[in-house]
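Structure record follows, encoded as structure tokens.
In what follows, chains are A, B, ... by sequence order, proteins preceding strands, each numbered from 1. These numbers were taken from a predicted model, which means no experiment stands behind them.
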Amino acid sequence: MDYNFHEIEKKWQDYWEENETYKASDDFSKKKFYALVEFPYPSGHGLHVGHPRSYTAIDILARKRRMEGYNVLFPMGWDAFGLPTENYAIKHNIHPKKITAENIANFKRQLKSIGFSFDWSKEINTTDENYYKWTQWIFLKLFEKGLAYKQEMPINWCTSCKVGLANEEVVNGVCERCGGEVVQKRKSQWMLKITEYAQRLIDDLDEVNYIEKIKTQQRNWIGRSEGAEVDFALAGVDKKIRVYTTRPDTLFGATYMVVSPEHPVIAELSDKITNMDEVAAYQKEAAHKSEFERTEMAKDKTGVELKGIKAVNPVNGTEIPVWISDYVLMTYGTGAIMAVPAHDSRDWDFAKKFGLPIIEVVGGGKDVQEEAYTDVSEGVMVNSGFLTGLSVKDAIKKMIEYLEENGLGKKKVNFKLRDWVFSRQRYWGEPIPLVWCDKCGWVPVPYEELPLTLPELDKFAPGEEGESPLAKATDWINTKCPHCGGPAKRETDTMPQWAGSSWYFLRYIDPNNDKALASTEKLDYWMPVDWYNGGMEHTTLHVLYSRFWYKFLYDIGVVKTKEPYMKRTSQGMILGENNEKMSKSRGNVVNPDDVVNEFGADTFRTYEMFIGAFDQATPWSENGVRGCHKFIERVWNLQPMLTDEDGYSKDLEGLMHKTVKKVTEDTERMKFNTAIAAMMSLVNEFYKKGKVTKDEFKTLIVLLYPTAPHISEELWQRAGMTGYLHDAAWPTYDEEKTKDDSVEIVIQINGKIRGKLVVPAEISRDELGKLVCDSEEGKAAIAGKTVVKVIAVPGKLVNIVVK
RNA sequence: GCGCCCGUGGCGGAAUUGGCAGACGCGCUAGACUUAGGAUCUAGUGUCAACGACGUGGGAGUUCAAGUCUCUUCGGGCGCACCA
């Protein structure tokens, strides 16, 4: 009766597949549970041990929900458009479609070998024409509603991928994907107006149950701030410069202005500016700096005064100089600021460097000539005319009222979030279904002509200047305008990888529908996703983008809820044995195939969950894997200890109920490591006794089933239980029976442990105190001293304070 | 620089509301068995000058009682990074 996991795991994987055990039901009268994990990008490297950490966790929850009577949808698919495949295609001159198919086959084999309870009948692939037809459909809807627009603008250009990047894809000034240098390049790009949804993307976070860290990151990324726009007149010129400030209260302390080097006012005033050569040189210098250099330069401020120009402070009429500096960004606010060096550290640095005046307007801090006073929660306004004496909070309110009454400015909310750069000059992505007609402008490809499929090419590399590979497909490009019938050209840009993943969870619901992205009936039943787990790295990319698309689909009536995901959790990273990030170059990569072959899928799954706290990074340990394998084998070897007795034996009844409670609760809290520890302890108890009743064994393997499904099913069958384990119900526990009749109480004297006493569990505070004081241990401790106080905590301890 | 999280044995990590620190696993030690193995079972395993004392990065504080709360400091991680 050796534990032959190869045989057992194959047997049950085949059984589940043949019988479609985990197929979601179309019975919409049942309560539903939509469990979702991020679908993988099928790279050539195969599955990483990090993928199964997320998948096993949600698989455990999906299996538990089925046992609790839910109709569960737990699907899987492939996010298969993307650069690595395309780069491989370019290098080896193989069609990306072919590479994608091979990679998917490998991923699928690996996932199946681990025994996840995916409903494979719902499998999707973002590169399927019948899938991206609907990605294109959503894009056309966005275009129709004015949320997609083309604009010439400076974009983040990855010099290595030769592709434009969204702001979200630039990390520390380098490409998020390849680490290549990112420079600014002017290009005409398709943009999506995610900014129009900024406020709703913040507000509706209140309605969902994401872990707090994710909510915070989303809020920070959207970056809402409240303040005011203020117009500064220019002396002797009929022109105004508008600034945005979150601190209108400090307006009396504005001693100069700064506009960004790209600000249009500079060109408009070029005949008034007396040092235009110097200014132009600075503009040129700023334009040549890459994003990386601009952030590197953060320490030392540079700038040039616009000589011949003076602005007028609207509240006190003072004339103040105007400067240009690249610390002011054209992409935020109005591209111009009022500088208050006394209460802003950046302005302070600039003022000190260029000898500009510093006027204190909020009192109560240190000398503003020495340091900017920015934390003004306690401050009171000084030198500020009608604001003097007010708190900062009241001063902000009063100043906004004043500005609005006098037509000098108004209250304004700003966001850091920028519109989403949606064009990629690449082959392996969804073609943007638009046509350029010289007469009609941008015309959408008619819905009935979707999908607009990729043209067949034999070379996939982008042009040196970054033009799309599609630009070479002349037969494909030249077409007729759907509107006027005249000659027209297709858009050659494709969509970014985030397009397909922004709505994939909707397609799972109805993957073969050719009339709609999914039927309304099915969408209404299954949405929203009940529990979504994935990596932290997708918080400001995928999660934000997909929430935006979902809200748009809500607005046009496709879906009925405001938010796609009710709950979002995140797993920690699995590191190499040396505590470093797993990577080929570090030589510390663990291949899931090797673990499954040597120890089996059940051991692999158990270890993935036992490795450490689910949300924290933890190093891999082969000895840890062996420990879990030993546990699985110990469960197997309980078989000869099985008795014919029914029910729980008297001495283990409490422990059985406690274990059911612990595993049930810990699973819901994603404390998988402690749930497994509880099962290990239970098995240890069975070994100590040398026997286990049928019902005790049954409870154990039901609890173990979500974590280690193959061995559990096998043991269920071998023990002669009726039916199949996957049809069994999740065990219940009796709260009363989890409580012991008597408990051991710790006796403390002045906080030090001096003894222990077993007392009845149900006992009042007073009784407990008395009982302990009257006990031998208590008496001994008190002897010869005065009792000052007795603190009794039922079920825990009694602390006697003596003198 | 700002914001958030984390510092617990030789290691991974436990510890609802402040209430026996170190569950569970690894490793280590000893024993049993034996077809001699990376097998299995049993027992032990925080530290020390050891019937006691000390112990959750360091220092202070609140409390009858602190890993848990407060302040401070050091170390590590993540996020944002000139966002006005």
Notebook entry, point to check: Nearest-Å distance, CE (M257(A)) to C1' (rA84(B))?
Noted result: 11 Å
Notebook entry, point to check: Among all residues two or more places apart in sequence or in another chain, which pass the salt bridge (Lys or Arg N to Asp or Glu O under 4.0 Å) test with E38(A)?
Noted result: R568(A)
Next item on the list: Determine the interatomic distance between P on rA66(B) and the same-named atom on rC5(B); round to the nearest Å.
Entry: 24 Å
Note to self: Please name the nucleotide paired to rU56(B) by Watson-Crick or G-U wobble geometry with both distances under 3.5 Å, or report none.
What the structure shows: none
Next item on the list: Using only side-chain N and O atoms of Y332(A), determine if any of them is under 4.0 Å from OP1 or OP2 of rA84(B).
Entry: yes
Check: From rG13(B), rC41(B), rC64(B), pick the nucleotide closest to the side chain of T618(A)?
Finding: rG13(B)
Note to self: Taking only the C1' atom of each, what is the distance from rA49(B) to rC41(B) in whole angstrom?
What the structure shows: 37 Å
Checklist line | Between rA81(B) (P) and N220(A) (CG): distance, integer Å | finding: 10 Å
Next item on the list: Take atom CG of D349(A) and atom P of rA81(B), then tell me their distance rounded to the nearest Å.
Entry: 19 Å
Note to self: Hydrogens and angles aside, do T539(A) and Y210(A) bring a side-chain donor and acceptor to less than 3.5 Å of each other?
What the structure shows: no
Note to self: For rC80(B), does the base pair up with any side-chain atom of K416(A) as donor and acceptor (N or O, under 3.5 Å, distance only)?
What the structure shows: no
Checklist line | Set of salt bridge (Lys or Arg N to Asp or Glu O under 4.0 Å) partners for K353(A), sequence neighbours left out | finding: D300(A)
Margin query: For a quick test of reading the model: is some side-chain N or O of K213(A) closer than 4.0 Å to OP1 or OP2 of rC5(B)?
Written below: no
Notebook entry, point to check: Given the P atoms of rA21(B) and rG55(B), what is the spacing between them in whole Å?
Noted result: 12 Å
Check: Who pairs with R547(A) by side-chain hydrogen bond (donor to acceptor under 3.5 Å, both in side chains), at least two apart in sequence or on another chain?
Finding: Q218(A), E563(A)
Margin query: Please list all pairs meeting side-chain hydrogen bond (donor to acceptor under 3.5 Å, both in side chains) that have one or both residues in residues 607-622 of chain A, counting only residues at least two apart or in different chains.
Written below: E622(A)-R626(A)
Next item on the list: Tell me, please, which residues at least two apart from F354(A) pass ring pair (Phe, Tyr, Trp, His ring centres under 6.0 Å).
Entry: W323(A), F350(A)
Checklist line | Separation of rA39(B) P from F599(A) CZ (nearest whole Å) | finding: 12 Å
Notebook entry, point to check: Hey, are T569(A) and N533(A) close enough side-chain-wise for a donor-acceptor pair under 3.5 Å?
Noted result: yes
Note to self: Once you apply a heavy-atom cut-off of 4.0 Å, does S225(A) come out as touching a base, just sugar-phosphate, or nothing?
What the structure shows: sugar-phosphate
Next item on the list: Produce a footprint string for nucleotides 19-27 of chain B: one letter per nucleotide, 5' end first; B if the base is under 4.0 Å from any protein heavy atom, S if only the sugar-phosphate is, - if neither.
Entry: BBS-BBSSS
